[in-house]
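Keep in mind that what you see is a predicted model, and the values were worked out from it rather than measured. The first residue of the sequence shown is numbered 1, and numbering continues consecutively from there. Just so you know, ligand 1 is whichever comes first in the structure, and atom 1 is the first atom listed for that ligand.
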Amino acid sequence: MEFSDVESDLTDILFTQDEIHAKIAEMARQIEADYAGEKLLLVGVLRGAVMVMADLARELKLPLEMDWMAVSSYGAGTQSSGVVRILKDLDSDLEGRKVLIVEDIIDSGLTLSWLRANLESRGAESVEICALLRKPDAAKVEVDVKYAGFDIPNAFVVGYGLDYAEKYRNLRGIAVLAPHVYA
Ligand code: XMP
Ligand code: MG
């Protein structure tokens, strides 16, 4: 889906598909340098990170495995609750693994700081984070993100995997959702 297909639901257009792909390629080059010779496990956070995972994994010139987790801190609204529940757990054993969490967005940081601690407690050798988007003004806890894509304003954004009430995930780019949609 293109921006023009849902134009009246969007305010600012933040990133086109091409801009996103260029940023993912940039992050992939850093990841390749850091994990050369290693067997990497990418852990995608469902469902928002599906597009980032698909593009990042194909861009990486490294042998890797992919696994998925679903956690929930949100419900259908636009505010983080801080309460994280595991809806779907990993299939992989993390003992001794080099894990890279792949996320769409860091808002308050509550979900990822919980997730990192959870994965570390399972015996992973290392747990790092790759997030396409970050909202610095919304941070409630500091999260050390090794690979960060774009910093964005504190607004609710959709597209490229990011949803509002399960809509807009299939938008190619990323845009700010117009307040009238969720008011
Ligand atoms: P926290 O606040 O724990 O939240 O860092 C991270 C999760 O919240 C969702 N999220 C968003 N989803 N547009 C979305 O579609 C947004 O602007 C947004 N901000 C946070 C997202 O699922 C992320 O994993
Ligand atoms: Mg979501």
Side-chain angles (χ1 to χ4, degrees), residues 1-3 5-7 9-17 19-20 23-24 27 42-57 66-90 99-120 127-183:
M1 193 164 72
E2 315 295 331
F3 293 126
D5 296 314
V6 280
E7 208 175 354
D9 292 353
L10 309 173
T11 55
D12 300 313
I13 285 169
L14 296 184
F15 309 108
T16 63
Q17 175 173 253
E19 289 168 330
I20 295 166
K23 181 60 79 176
I24 285 177
M27 294 196 288
L42 298 182
V43 169
V45 185
L46 294 168
R47 291 173 240 180
V50 165
M51 308 296 178
V52 190
M53 180 73 131
D55 284 336
L56 178 67
M66 284 177 256
D67 202 347
W68 301 91
M69 250 180 114
V71 296
S72 163
S73 63
Y74 254 60
T78 60
Q79 286 294 302
S80 191
S81 67
V83 179
V84 181
R85 278 191 305 147
I86 295 182
L87 304 178
K88 182 226 171 283
D89 207 346
L90 298 171
V99 175
L100 181 59
I101 300 173
V102 178
E103 251 290 31
D104 50 357
I105 189 164
I106 304 181
D107 189 304
S108 67
L110 294 167
T111 307
L112 267 183
S113 62
W114 180 91
L115 191 59
R116 163 180 269 161
N118 181 282
L119 299 191
E120 277 168 353
V127 180
E128 298 293 351
I129 295 168
C130 174
L132 181 64
L133 304 174
R134 196 163 54 172
K135 294 181 186 173
D137 298 339
K140 288 186 186 147
V141 288
E142 273 307 309
V143 184
D144 178 23
V145 182
K146 193 155 185 194
Y147 311 98
F150 302 105
D151 282 345
I152 61 167
N154 194 3
F156 198 80
V157 299
V158 294
Y160 196 71
L162 291 153
D163 71 306
Y164 173 69
E166 297 306 322
K167 280 179 69 184
Y168 312 104
R169 289 195 199 275
N170 59 326
L171 189 57
R172 291 183 189 279
I174 294 171
V176 175
L177 189 64
H180 75 78
V181 177
Y182 53 88

Task: Pair L110-V141, side-chain contact (heavy atoms from CB on, under 4.5 Å): steps then yes or no - done: CA-CA 6 Å; L110 294 167; V141 288; 4.2 Å; yes
Open item on the list: Can you tell me if L112 contacts ligand 1 (heavy atom of the residue under 4.0 Å from the ligand)?
Closed with: no
- [ ] Could you point out which residue of V45, V50, L90 forms a side chain to side chain contact (heavy atoms under 4.5 Å, CB included) with W68?
- [x] V50
TODO: Select the closest option to atom 3 (O) of ligand 1 among D104, V45, T111, judged by heavy-atom distance.
DONE: T111
- [ ] Any atoms of ligand 1 less than 4.0 Å from a non-hydrogen atom of K135? List them with their elements.
- [x] 16 (C), 17 (O), 18 (C), 19 (N)
TODO: Check each atom of ligand 1 against the heavy atoms of S108 and keep those under 4.0 Å away; list them by number with element.
DONE: 1 (P), 2 (O), 3 (O), 5 (O)
Open item on the list: Does any part of the side chain of M69, heavy atoms only, come nearer than 4.5 Å to the side chain of D89, both counted from C-beta?
Closed with: yes
Open item on the list: Among residues at least two apart in sequence or on other chains, which ones pass ring-ring contact (aromatic ring centres under 6.0 Å, His included) with F15?
Closed with: F150
Task: Heavy-atom closest contact (I129 atom, V145 atom, distance) - done: O-CG1, 3.7 Å
Open item on the list: With side chain to side chain contact (heavy atoms under 4.5 Å, CB included) as the test, pick out the partner of I174 among I13, L132, T16.
Closed with: L132
Open item on the list: Please list, in number order, the atoms of ligand 1 under 4.0 Å from a heavy atom of A155.
Closed with: 17 (O)
Open item on the list: Would Y164 count as a polar contact of ligand 1, with the cut-off being nitrogen or oxygen pairs under 3.5 Å?
Closed with: no
Open item on the list: Which of the numbered atoms in ligand 1 are under 4.0 angstrom from any heavy atom belonging to E103?
Closed with: 24 (O)
Give the table of side-chain donor-acceptor pairs shorter than 3.5 Å for residues 151-161, with sequence neighbours excluded, one pair per line with atom names and distance.
unit_1: D151; atom_1: OD1; unit_2: R134; atom_2: NE; d: 2.9
unit_1: D151; atom_1: OD1; unit_2: R134; atom_2: NH2; d: 3.4
unit_1: Y160; atom_1: OH; unit_2: M51; atom_2: O; d: 3.3
unit_1: Y160; atom_1: OH; unit_2: D55; atom_2: OD2; d: 2.5

- [ ] Would you indicate whether the side-chain heavy atoms of V43 and L115 approach each other to under 4.5 Å?
- [x] no
Task: Under 3.5 Å: N/O of V158 near N/O of ligand 1 - done: no
TODO: Give the atoms of ligand 1, by number and element, whose distance to some non-hydrogen atom of D107 is under 4.0 Å.
DONE: 1 (P), 2 (O), 4 (O), 5 (O), 19 (N), 20 (C)
Open item on the list: V157 versus ligand 1: do any nitrogen or oxygen atoms come within less than 3.5 Å of each other?
Closed with: yes
Task: Residue-ligand contact G48/ligand 1, heavy atom below 4.0 Å - done: no
